[in-house]
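So the structure is just underneath, and the comments pick up after that.
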Amino acid sequence: MDKRKWWHHAVIYEIYPRSFKDSNGDGIGDIRGIIDKLDYLKSLGVNAIWLCPVYTSPNIDGGYDVADYYNICNELGTLEDMEDLIEEAHKHEIKIIMELVANHTSDQHYWFRDAIKSKNSKYRDYYIWKKEKEDGSLPNNWMSSKTGKSVWTKIGDIEEYYLHLYTEKQPDLNWENKEVRFEIYNIMKYWFDKGVDGFRMDVINKIAKASGLPDVPDEVPYHYGEMYFENYPHVHNYLNEMYQEVLINYPNNVAIGQTSGVSPEEALLYTDANRNELNLFLQFEHVNIDCGDEGRKLEFSPYEFKKSIFKWQKAMDGRLWNTIFFGSHDLPRMVSHYGNDQEYHEKSAKMLATIQLLLRGTQIIYMGDEIGMTNVNYSNIDDYIDNRSKSIYENRVICRHEDEETVSRDIRALARDNARYPMQWNDKIYAGFSSVNPWMKVNDNYTMINVSHQEAERESILSYYKELIRFRNSELAIAIGTFGTILEEDKDLFAYKRVHENVEITVIANMSINEKKVSTKNFGECVISNYDDGNEKLRSYEVNVYKKIMD
Ligand code: GLC
Ligand code: CA
């Protein structure tokens, strides 16, 4: 691991641009809105923004369906706005990380539009085609584990189906085709040359598919990913080529791979500096602990959550450098997901922030989590407008007649909409996000939970985040120290130590509502607490951080 790189110590702030800040009163967040809030981000203490897609897109999947990689979506701004954002962010000493959506394009991309015209199209081989089977059934039995739908679609009288691991509006690119790969490399260079500091590479571990696209064994219809296209060995050849063609020439830029389903050994294949592939990876084991197939909500176990995080922290031990995140644009709100967004809203939001931000790794905060934004809980299920929520409803309620109440409950708990409704800036109409009715309904609780109130309050969740980030930056034990567990078998406590030279930091959190007792005698001085003192009784969702100087 190269310790000199900026991203090892970074706190990255993820922005879903449509919902961050609307600058021109059309109800849609935009790039100018982000520029207007750079001072806010600077005051929070973040070093980089990860910007969800801002490219030209019909926006069927939140911009993860790109129609033109060289331009900006009209609703979000212009190319000039993007150039200004890069420049202004840099003046604030904030880096910009864009999305590279390279597994698929939008069906509105001119490559695909041309490819469906005829088999002789120059772009035909940019995508993945397969004939139906002799008995007339689909080319293979792959299904999306997210929605339970087939990954094959046929257009008009064209005789072959095209593959789409996500919606049918997102055809998968054929990475076996060298021209496709070099198209992507050129896109990367274009943005790097504009000053972008890195990419978060969307589902990059799925670009390589098993040759022949074989059927999966019937008994594992949802879990074929790891066998046929997730972390499929050839992906490493592609990434190594990408490194040689692009990344090697931009050594100060970061490449973060979204690599669901990786084991620590596989993560090392992606990020070992000697292998020349990626710098950082995102893995999802801990955030998916309560997510079943087809959007089913399972019970959340703090113990399983902790075990998963500890597993990865231990695996890092001198070998790996991981990113740490509890929320994202694809997940429910962290305080609702792992905490208690009712009576213990403030306490549990602070407790979660503490256990996250003091772990070892590159930190990612999802916008709004720094003020404890909650799941949205719209009264009408039709207000959940994300394509994934819609498909889950369609497939489970309309096609399969599952109990509507259960499916609605699952959607409310896990929907991506929870992360995508407008940011709560103040208690004015539309939460200060826009002057008009926004593209997505605001959460009614904005009059209580908003930036403006919390900026004014010393005890707020926002002030607490600032304190944690400052603490993180001032303690080498947190930035680079070792990680060790304590009280590992306790079902409710989340406790660990970070050590560097003679400094030992101990974090003890109670993830439950029940009072817990812990002997804190040898931990040193309590330096951070979400209650007031840090005594031996841990109240509901209490967290205390201790610092000790060892002789
Ligand atoms: C990733 C993104 C998600 C998107 C999907 C398809 O999982 O995080 O938002 O829908 O890829 O691009
Ligand atoms: Ca706007």
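Atoms within each ligand, like the ligands themselves, are counted from 1 in listed order. Keep in mind that what you see is a predicted model, and the values were worked out from it rather than measured.
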With the Ca ion (ligand 2) as the apex, the OD1/OD1 angle for Asn24 and Asp22 - to 10°: 80°
Enumerated ligand 1 atoms positioned under 4.0 Å from heavy atoms of Asp330: 2 (C), 3 (C), 7 (O), 8 (O), 9 (O)
Pairing of Arg420 and Asp330 as salt bridge, 4.0 angstrom limit: yes
Best match, Asn387, Asp61, Ile204, Val203: closest heavy atom to atom 6 (C) of ligand 1: Asp61
Polar contact flag for Tyr166 and ligand 1 (N/O pairs, less than 3.5 Å): no
For ligand 1, the portion of His164 having any non-hydrogen atom under 4.0 Å away: neither
Sidechain N-carboxylate O distance under 4.0 Å for Arg416, Asp386: yes
Carboxylate-amine/guanidinium proximity below 4.0 Å for Asp61 and Lys169: no
For ligand 1, the portion of Arg420 having any non-hydrogen atom under 4.0 Å away: side chain
Interfacing atoms of ligand 1 (cut-off 4.0 Å, heavy-atom, Gln258): 1 (C), 7 (O), 8 (O)
Residues Lys42 and Asn47: side-chain donor-acceptor under 3.5 angstrom: no
Apex the Ca ion (ligand 2) - arms O from Ile28 and OD1 from Asp26 - angle rounded to 10°: 90°
Arg416: numbered ligand 1 atoms lying under 4.0 Å from its heavy atoms: 3 (C), 4 (C), 9 (O), 10 (O)
Residues Lys311, Glu285: salt bridge by 4.0 Å N-O rule: yes
